[in-house]
Participant: 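Got a structure for you, questions after.
Since the model is a prediction, treat every value here as computed from it, not as a measurement.
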Amino acid sequence: MEHIEAVIISLLVAVAFLSALATRIGIPYPILLVVGGLALGFAPGIPDVRLDPDLVLVVFLPPLLYSAAFFANLRELRYDARTITLTSTVLVVATATAVAVAIHALVEDLPWAVAFALGAIVAPTDPVAATQILRRFDVPRRLVNTIEGEALINDASALVLYRIAVVAIGGGAFSLMDAGLRFVGSAAGGVAIGLVVAIVIRELRSRLDDPPVEITLSLLSGYAAYIPADAVGASGVVAAVTTGIAIGWWAPGMASPAVRQQGFALWSLLTFLLNAILFVLIGLQLPAILDSLGGESPWFLLETAAAVSAVVIATRIIWTMATPYVFRALDRRPSQVARRVGWRSRLVSAWSGMRGAVSLAAALALPASTPQRDLIIFLTFAVIFATLVVQGLTLPALIRALRLETDDGEAVEELRARLAATQAALVRIEELGGEEWTRDDTIERMTALYDYRRRRLKARAGKIEDDGYEDRSEAYQRIVREVLEAQRTAVVALRNDGTISNDVMHRLERELDLEDERLEI
């Protein structure tokens, strides 16, 4: 890539500026980044930036998949396993088929293999923008979890269909039985490789006590699963997701507090940067795509793009709104009746099916000999733009109009966990009181501290009457924060006048920041 320095600087400046602007005006950053990248692509003097499909599928995708799986809510994923499995597999096939039929009818002499390739390309969803909006409105957590769970798997389903279509484009024979066996074998191989990699990483990290090395292993985990699986023909996506889920489950017993603190901060920044850069890159592709379609009629391009986008959106809506009634008729078990979701939540879920960088990377990876390749890439961009921008900007209005109920389940769970942790602390303090090396005054002081915390939490939970616990706690925490700030100022002043080094200042600053983070206000 030419002018690599200018490209990197332009991307980072665009990410920083557009993300800050998105926060300021209340729009999810992926939407503004795509639009901003689009505007940047037409700006004079900007170097030509082409998105290398391997860059997304090999460099960007594994860490993003691993991170999403690591922080996934396993209990909720198990609870809605049937819904997630069907939307990430059967809905992908249904979307690919509907798009293939539509584009084959709209574009004269388009081979069926190319039509199915486009369907597979635009079938998988990208949850970043949708979940950012949903969390802002505090919608039921189950809704967010199913959208994230679907996105963990549907990349794998779509890429298997995509590879089958590419083989057919090259003249290979297509067999439904062979395609089904390949899908099952690819997924099973991905799970097996992902588990093996997770076990190896767990054994390695359990023998280490070096935060930089452990965090480096964490960064490599997604690649360690994805690349070998992809090399042997298994699903790299499933492998990376499997490793992320397994390591995420084992992590509390593997990592020290220092590793958790540093790792969480690093992964938060890394996933933001990877997603943000990808969305800007998506917008930057349009000028090159349009240049390759100079001979096509603008009206034909717009009409075809609108039609394909409408099919993608309508297929998801029909599936989400209709299939629950089929399952309700077939499965009337009380356990399934309890899981039923109202039509409002289903409609919001249907409208949250936005597409992203994986779709564009797959389109760009089509062989150069593919008939109508430039048109397929343009239509992929159009679907991404329509679903991300149009649906993304209207999703908040839809949530408000439907008046979805808010979800306080997470707050209740957090309160329950705080109470359990406080009770465990009191039990352990009482046990330690009998040890010879402990002091009575220290035990009394700690017991009083945790007993007050227990009473305050019980009052918040409505188990006892609130005797001003919250007001006194808030005043105490404000005093602590003021004292911490005074210490921070004094330490910085010592660094400024040369009394202590920068390293000493940062070490003390981290300790003060951790104390600050423990405060609830």
Side-chain angles (χ1 to χ4, degrees), residues 1 3-4 6-53 55-57 59-61 63-65 67-68 121-122 124-136 147-148 151 155 267-290 305 309 351-364 377-378 380-396:
M1 184 185 292
H3 312 293
I4 185 66
V7 169
I8 292 174
I9 292 172
S10 299
L11 284 174
L12 292 177
V13 169
V15 165
F17 173 76
L18 293 172
S19 299
L21 181 61
T23 302
R24 185 68 179 269
I25 62 180
I27 293 177
Y29 72 86
I31 298 174
L32 203 58
L33 288 172
V34 168
V35 175
L38 181 60
L40 194 63
F42 286 105
I46 296 296
D48 184 25
V49 180
R50 295 184 181 272
L51 183 61
D52 184 347
L55 194 68
V56 174
L57 297 179
V59 177
F60 283 80
L61 193 57
L64 291 175
L65 289 169
S67 174
I121 286 167
V122 298
T125 57
D126 187 305
V128 177
T131 53
Q132 203 179 29
I133 295 170
L134 295 174
R135 285 194 174 96
R136 186 196 310 164
I147 292 172
E148 289 181 331
D155 285 340
W267 273 106
S268 297
L269 176 61
L270 180 65
T271 53
F272 166 74
L273 278 178
L274 290 177
N275 276 308
I277 290 173
L278 278 176
F279 284 114
V280 173
L281 286 171
I282 290 173
L284 286 169
Q285 303 310 298
L286 186 60
I289 294 172
L290 292 177
S309 300
W351 201 247
S352 301
M354 301 164 198
R355 271 59 180 176
V358 173
S359 294
L360 188 58
L364 292 170
I377 295 174
F378 170 77
T380 302
F381 180 90
V383 170
I384 294 171
F385 191 86
T387 55
L388 190 63
V389 177
V390 176
Q391 288 184 281
L393 291 178
T394 55
L395 183 58

Participant: Rounded to the nearest 0.5 Å, what separates atom CZ in F381 from atom CG in L38?
Facilitator: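 That separation rounds to 5.0 Å.
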
Participant: Counting C-beta onward and ignoring hydrogens, is there a side-chain heavy-atom pair between L393 and I31 closer than 4.5 Å?
Facilitator: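 The answer is yes, as the side chains (C-beta and beyond) meet within the 4.5 Å cut-off.
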
Participant: What is the minimum heavy-atom distance between G392 and P396, and which atoms define it?
Facilitator: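 Heavy atoms of G392 and P396 come nearest at O-CD, 3.3 Å.
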
Participant: Heavy atoms only: give me the nearest G37-L284 pair and the separation to one decimal.
Facilitator: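 Looking at all heavy atoms of both residues, the shortest contact is O-CD2, 3.4 Å.
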
Participant: Would you indicate whether the side-chain heavy atoms of I25 and L32 approach each other to under 4.5 Å?
Facilitator: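 Yes, side chains in contact.
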
Participant: Within this structure, what is the OG1-CG distance for the pair T380 and L360, rounded to the nearest 0.5 Å?
Facilitator: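 Spacing of OG1 (T380) from CG (L360) equals 7.0 Å.
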
Participant: Would you check if L18 and V35 make a side-chain contact, meaning some heavy-atom pair closer than 4.5 Å?
Facilitator: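 The answer is no; the side chains never approach within 4.5 Å.
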
Participant: Check whether any side-chain heavy atom of T387 lies under 4.5 Å from a side-chain heavy atom of R355, and answer yes or no.
Facilitator: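 A side-chain contact exists here, since the closest heavy-atom pair is under 4.5 Å.
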
Participant: Counting C-beta onward and ignoring hydrogens, is there a side-chain heavy-atom pair between F60 and N275 closer than 4.5 Å?
Facilitator: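 Side chain of F60 against side chain of N275, heavy atoms only: no contact under 4.5 Å found.
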
Participant: Quick one: closest heavy-atom pair of I384 and G356, and the distance?
Facilitator: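 For I384 versus G356, the nearest heavy atoms are CD1-O, 3.3 Å.
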
Participant: F272 versus V15: any side-chain heavy-atom pair under 4.5 Å?
Facilitator: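 The answer is yes, as the side chains (C-beta and beyond) meet within the 4.5 Å cut-off.
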
Participant: Going from CG on D126 to OG on S359, what distance comes out if it is rounded to the nearest 0.5 angstrom?
Facilitator: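 Between atom CG of D126 and atom OG of S359 there are 8.0 Å.
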
Participant: With rounding to the nearest 0.5 Å, note down the distance linking CZ in F385 to CD1 in I282.
Facilitator: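 Rounded to the nearest 0.5 Å, the CZ-CD1 separation comes out at 11.5 Å.
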
Participant: Give, for atom CE of M354 and atom OG1 of T131, the distance between the pair rounded to the nearest 0.5 Å.
Facilitator: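 The OG1 atom of T131 is 9.0 Å from CE of M354, to the nearest 0.5 Å.
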
Participant: Hey, what do you get for OG1 (T271) to CG (L64), rounding to the nearest 0.5 Å?
Facilitator: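 So the OG1 of T271 and the CG of L64 are separated by 7.0 Å.
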
Participant: Identify the heavy atoms of S309 and A382 that sit nearest to each other, and give their distance.
Facilitator: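 Nearest pair, atom of S309 first, then A382: OG-O, 3.7 Å.
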
Participant: Quick check: do R136 and P28 have side-chain heavy atoms less than 4.5 Å from each other?
Facilitator: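 SC-SC contact between R136 and P28 confirmed.
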
Participant: Is V128 close to Y29 at the side-chain level, that is, under 4.5 Å between some pair of heavy atoms?
Facilitator: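 Of all side-chain heavy-atom pairs linking V128 with Y29, at least one is under 4.5 Å.
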
